[in-house]
Amino acid sequence: MLDVLRRIIQQVNAARDLSQALQIVVHAVRDAMRVDAASVYFLDADTGRYVLMAQEGLSDEMVGRLRIAPGEGLVGLVVERAEPVNVEDAPSHPRYRHTLQRENGEFHGFLGIPIIQHRRVLGVLVVRQVAQRRFSETDEAFLLTLAAQLAGAITQAEATGGISRLIEEVSGRVPFMLRGRPGSPGVAIGRAHVVFAPANLERVPERKVEPEAVEAEVAAFREAVDAVRGDIQRMARRMEDVLPAEELALFDVFSMMLGSDTLVDETIARIREGRWAPAALRDTIAEHVRLFEAMEDPYLRERASDIRDLGRRILAYLQARHPPRIEIEGPVILVGEEVAAFHLAEVPRERLGAVVSARGSGTSHVAILARALGVPAVMGVEDLPVGQLQGQELIVDGYEGRIFVKPSDALRQEFDRLRGEERELAAGLESLHDLPAETPDGVRMPLYVNTGLLSDITPSLESGAEGVGLYRTEVPFLVREHFPGEDEQVRIYRHVLEGFAPRPVILRTLDVGGDKPLPYFPIQEDNPFLGWRGIRLTLDHPEIFLTQLRAILRAGQGLDNLQLMLPMITEVAEVEETARLLRRATDELLEDGIEVPVPPMGVMIEVPAAVYQIDAIARRVDFVSIGTNDLTQYLLAVDRNNAQVAELYDGLHPAVIEAILQVVEGAHRHGRPVGVCGELAGDPAAAILLLAAGVDSLSMSVASLPRVKWAIRSLPFAEARRLLDEARGLQDARAIRRLLNEALDRAGVGGLIRAGK
Ligand code: PEP
Ligand code: MG
C-alpha cells in the first residue's frame, strides 16, 4: 500500500493543475483499492454544499451538478461527523439517500473519508462497491493519508481563488459571491458595465485597403476622431468640480491636438496611400511622440504621453467602430480586469455606483480616486469572471471587499437597510464638523488626513482636518507614464500646500517599490517588500531624488507650511544622507536665485530596526510618524497584501502596541512629536489606544476622520489610559479589540462607529 501511495502522491505532485490532480486521485484509488467507483467532493463555500468534482465509475454528467448538503445522505453524514463512515450495505443504512443512478442496480459497499484542514471539512473522498463490502482498516488508513494530502492542496488553491474557479468551471456558473480587497468603503447596488484596457497602439498590424474602400476608411477615421473629441469634452465637464483648473487644462490640450490639422491630415494622407486607418494612425502618433520627446522644454516633452493616450482612444473607436456606450439603466458598477482611473470619467458622476477590479489593491490609483469620490470599490478580485458579468445585477460591499452576483430579494433588502444606516450615520457625523477632536476631560488630538490626489483636497478641507499628515507623492508618479518633470511636480505639490495653508502639509518623498512599482521603472526582485523601496531607491538615484527635493522646496516657497518626511528609514546614515541632499537642493536653488528655507524634516518609523534606534534617529530629525501599515507587516512577518495570512495582520497586536510605546517614549525624550499615519490611526478603537499612548497626532483617510473624532469625543482620557494599561496585559489583538469595542459600547457609540464597517 505504501508504494502505491507514494506513486499516487508523486503523480499528483506532477499534475498540471488541481483539476488534473483530482482526476489522477480518483483513477488511482479505483485501481489500487479495486473498487467500482471513486469520487471526490469539495465544499463550495458560497452555498455550503459539497460538489462532486471528479469521479471514476459514476457518471460524468453528475460532476458539478451533484451538490450535497451537510447531513444529507451518507456523504453528508461524513461531513456532519467529520469522521470516516464505513458501511457494508449502504441502502440499508437509515441515512442512505438514493442519489446515484446506476443501470445495474445500486452500490452497496461505502467508505467516505473527510478531507479536513484547520478543523474544517473541505471535502469528502468516497469509494463505492457494487457488492456488499466491509472496508478494512488498511483501506481507511490509505484513504486518510490521501485525504490529508488533498487538504494541503485545497488550502493552497483556496487562497488563490483556485477552488471557486474550479467549482465554477465544473458547474458552469458564475459564483454567487466573489471576494476581493476593500478598496473604498460603502455599499452599492447596480448593474455591471465591463470596461477593457485601452487598445495597444504599438502592436497594430499592417493591412492594405483596396482603392475603392479608401474613402470609407477615411470616414471611419474622422468619425473616431469626432467621437474622441466628444468624449473628452464630456469628461472635462464631469471632472470640473473634482480636478483643479491646471489638471483640467489637459483636456483642452487634448481637444486642441485633435482639432489640429497635422494629426488628422497626416493620418488621412497615410490612409490614402492604401493603408488601413489603425496602422496609419500608429505611424502618425509615433512620429509626433518622437518629436515631442526630443523637445528641450520639459513641459512639452511630457506631452508625448498625452499624444500616445489620444492615439489609443482613437484606436479603440476604430477597433470597435462604435463608441463604448453604457447600455444599462440605473447605477453603473464599473467592472474590469484592470479598471483604470480614466474609466471613472467615462461614467456620469451621478450614475457611478461602484468599482470592481480583478487587479489592484486599496493603494491603486483608481481605489484612491474612488475614495475621493465617495464611491465604493473592491479590488483584487482574482476570480472575477469579467466575460460573464456585463449587465448583471451586483451588490458591491466596499467595507468587506465582497461582490454578490444576481442577489436575492432578501439580500438586496438587507443591503438597502445598511445603506440607510450609512446615510443616517453620515448625517450624524456632519454635525461634528466644527467640533475639535477632544476628549470629555479636555485632551486634544489633532487629526490630519492622508492623501495623494488633488481631488482629495476639497473633501479633506470640508472634513475639518487640521492639515495633511501624509501626502503620498508617489501617487502622481504612479498615474503617469514617465517620471514627472520638476515643473510638473512643483505644480502638483503647490496645489496641495496652497490648498491647506496655513495648515501644515507633510510631503513624503517618493515611496515606490514594494507593491508600488512604477510602470516605467521596472524592478525585478524576489522579495520586493524587503527590497529596493522608499528611501533606498531614491538615495541610489540622486538625479530623481534631487529633482523631487527641489520641486518640493520650490512648491513650499512663501507658504511656511511645508514639512518633509522620509519613508522606509532603516539606518541613521539614510537620514544624514538625505539631510545632505536637502541642503544641496536648497543651495542649488539659491544659485538659481530662489531662496527657500530648509523645511522641518521627519521620518517614518515603519521598519522595526528604526524602533530600536529611535534615540539616534529622533536626535537628527524634527518629528517622527509611525507607519503602522508597514510596521505591522514587518513586525508580524505578514505580507500586508496577502489574503491567505490576512487574519494574522492586525495593528492591534501587542507587539505593535509595545513598539509604538517605545517610539513615543524615545522621540519624546528628545522633544520630538510623534504622529501615526498608517491605517491604524483611522480605526476608531485603535485611536483611543494611540491617544493614551501619548501619540501627538493622527493622520488617516478622509473617510475615517469623522468616526475617529467621534470616538475621541466619547471617552475620557483617563478611561483611555486605563484601557491601555489593561490592553498591555492581554495576549492577542482579538482580546484587545474586544476590550476597546466594549468600552465604546459602554460609551454608547460602539454600534454607530462600527455601523457599515
Ligand atoms: C505605512 O506604511 O503605514 C504608511 C502610511 O505608508 P504606506 O501605506 O504608503 O506604505
Ligand atoms: Mg509604508
Side-chain angles (χ1 to χ4, degrees), residues 181-184 360-365 367-368 371 379-380 447-453 456 465 467-479 505-518 527-538 548 563-570 574 602-611 623-642 646 649-653 655-657 659-660 663-664 674-683 686-687 690 695 697-705 708:
R181 331 205 96 245
S184 170
S361 70
T363 48
S364 300
H365 178 227
I368 293 171
R371 286 202 287 277
M379 309 292 295
L447 300 186
Y448 297 102
V449 284
N450 291 350
T451 168
L453 205 73
D456 272 1
V468 175
L470 167 64
Y471 181 85
R472 293 181 163 102
T473 60
E474 59 274 11
V475 177
F477 280 70
L478 288 168
V479 299
V505 173
I506 301 179
L507 295 187
R508 178 175 74 182
T509 62
L510 192 60
D511 183 19
V512 290
D515 66 338
K516 290 181 283 193
L518 292 174
N527 273 317
F529 273 119
L530 302 183
W532 205 37
R533 59 172 299 209
I535 198 77
R536 304 170 183 181
L537 188 147
T538 45
Q548 183 176 42
Q563 301 184 24
L564 192 72
M565 184 157 76
L566 316 178
M568 282 295 290
I569 291 293
T570 317
E574 292 162 339
V603 294
M604 292 195 66
I605 303 293
E606 49 185 348
V607 176
V611 175
F623 63 91
V624 303
S625 185
I626 307 177
T628 49
N629 302 343
D630 279 314
L631 187 60
T632 305
Q633 88 162 339
Y634 293 131
L635 270 178
L636 306 185
V638 176
D639 179 346
R640 63 195 261 191
N641 290 331
N642 182 344
Y649 184 96
D650 194 331
L652 282 179
H653 189 288
V656 181
I657 294 172
I660 292 170
V663 171
V664 172
V674 180
V676 172
C677 64
E679 292 302 308
L680 196 65
D683 175 340
L690 296 172
V695 167
S697 62
L698 299 176
S699 191
M700 63 207 69
S701 74
V702 61
S704 310
L705 200 133
V708 168

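On a predicted model such as this, the values are computed, not experimentally measured, just so you know. Indexing begins at 1, ligand by ligand and atom by atom, following the structure's order. Position 1 is the first residue of the sequence; numbering continues from there.
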Take every heavy atom of [X], measure it against each atom of ligand 1, and state whether any distance is under 4.0 Å.
X: Gln633; result: no
X: Met568; result: no
X: Arg508; result: yes

Using a strict 4.0 Å cut-off to heavy atoms of [X], name the atoms of ligand 1 that fall inside it.
X: Cys677; value: 5 (C)
X: Arg640; value: 2 (O), 7 (P), 8 (O), 10 (O)
X: Gly678; value: 3 (O), 5 (C)
X: Leu470; value: 5 (C)
X: Met604; value: 4 (C), 5 (C), 6 (O)

> So Leu507 and Tyr471, side-chain contact (heavy atoms from CB on, under 4.5 Å) or not? Walk me through it.
Replying inline: CA-CA 5 Å; Leu507 295 187; Tyr471 181 85; 3.6 Å; yes
What part of [X], side chain from CB on, backbone N/CA/C/O, both or neither, has a heavy atom under 4.0 Å from ligand 1?
X: Met565; value: neither
X: Asn450; value: neither
X: Glu679; value: neither

> Is there a donor-acceptor contact under 3.5 Å from the side chain of Ser625 to the main chain of Met604?
Replying inline: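 No: the side chain of Ser625 does not pair with the backbone of Met604.
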> Quick check: does any side chain N or O of Ser704 sit under 3.5 Å from a backbone N or O of Met700, one acting as donor and the other as acceptor?
Replying inline: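 The answer is no, because no donor-acceptor pair under 3.5 Å joins these two groups.
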Those residues that, when tested against [X], pass side chain to side chain donor-acceptor pair (under 3.5 Å) (two or more places apart):
X: Gln548; answer: Thr473, Tyr493
X: Glu679; answer: none
X: Tyr649; answer: none

> Taking it one step at a time, do Tyr448 and Leu705 satisfy side-chain contact (heavy atoms from CB on, under 4.5 Å)?
Replying inline: CA-CA 8 Å; Tyr448 297 102; Leu705 200 133; over 6 Å; no
> So which of Arg533, Glu474, Glu606, Arg472 gets nearest to atom 2 (O) of ligand 1, if we judge by its closest heavy atom?
Replying inline: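 The nearest heavy atom belongs to Glu606.
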> Hey, is Arg533 close enough to Asp511 for a salt bridge, meaning N to O under 4.0 Å?
Replying inline: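 Counted as a salt bridge, because a side-chain N and a carboxylate O are separated by less than 4.0 Å.
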> Does a side-chain heavy-atom distance below 4.5 Å link Val607 with Ile569?
Replying inline: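 Answer no - side chains too far apart.
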> Under 4.5 Å between any side-chain heavy atoms of Ile660 and Val695, yes or no?
Replying inline: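 In contact.
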> Atom CD of Glu606 and atom CD1 of Ile626: how far apart are they, to the nearest 0.5 Å?
Replying inline: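 That separation rounds to 11.0 Å.
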> Looking at CG of Asn450 and CZ of Arg508, how far apart are the two atoms once the value is rounded to the nearest 0.5 Å?
Replying inline: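 Going from CG on Asn450 over to CZ on Arg508, the span is 8.5 Å.
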> the Mg ion (ligand 2): which protein N, O or S atoms are under 2.8 Å away?
Replying inline: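 Protein N, O or S atoms closer than 2.8 Å to the Mg ion (ligand 2): Glu606 OE1, Asp630 OD2.
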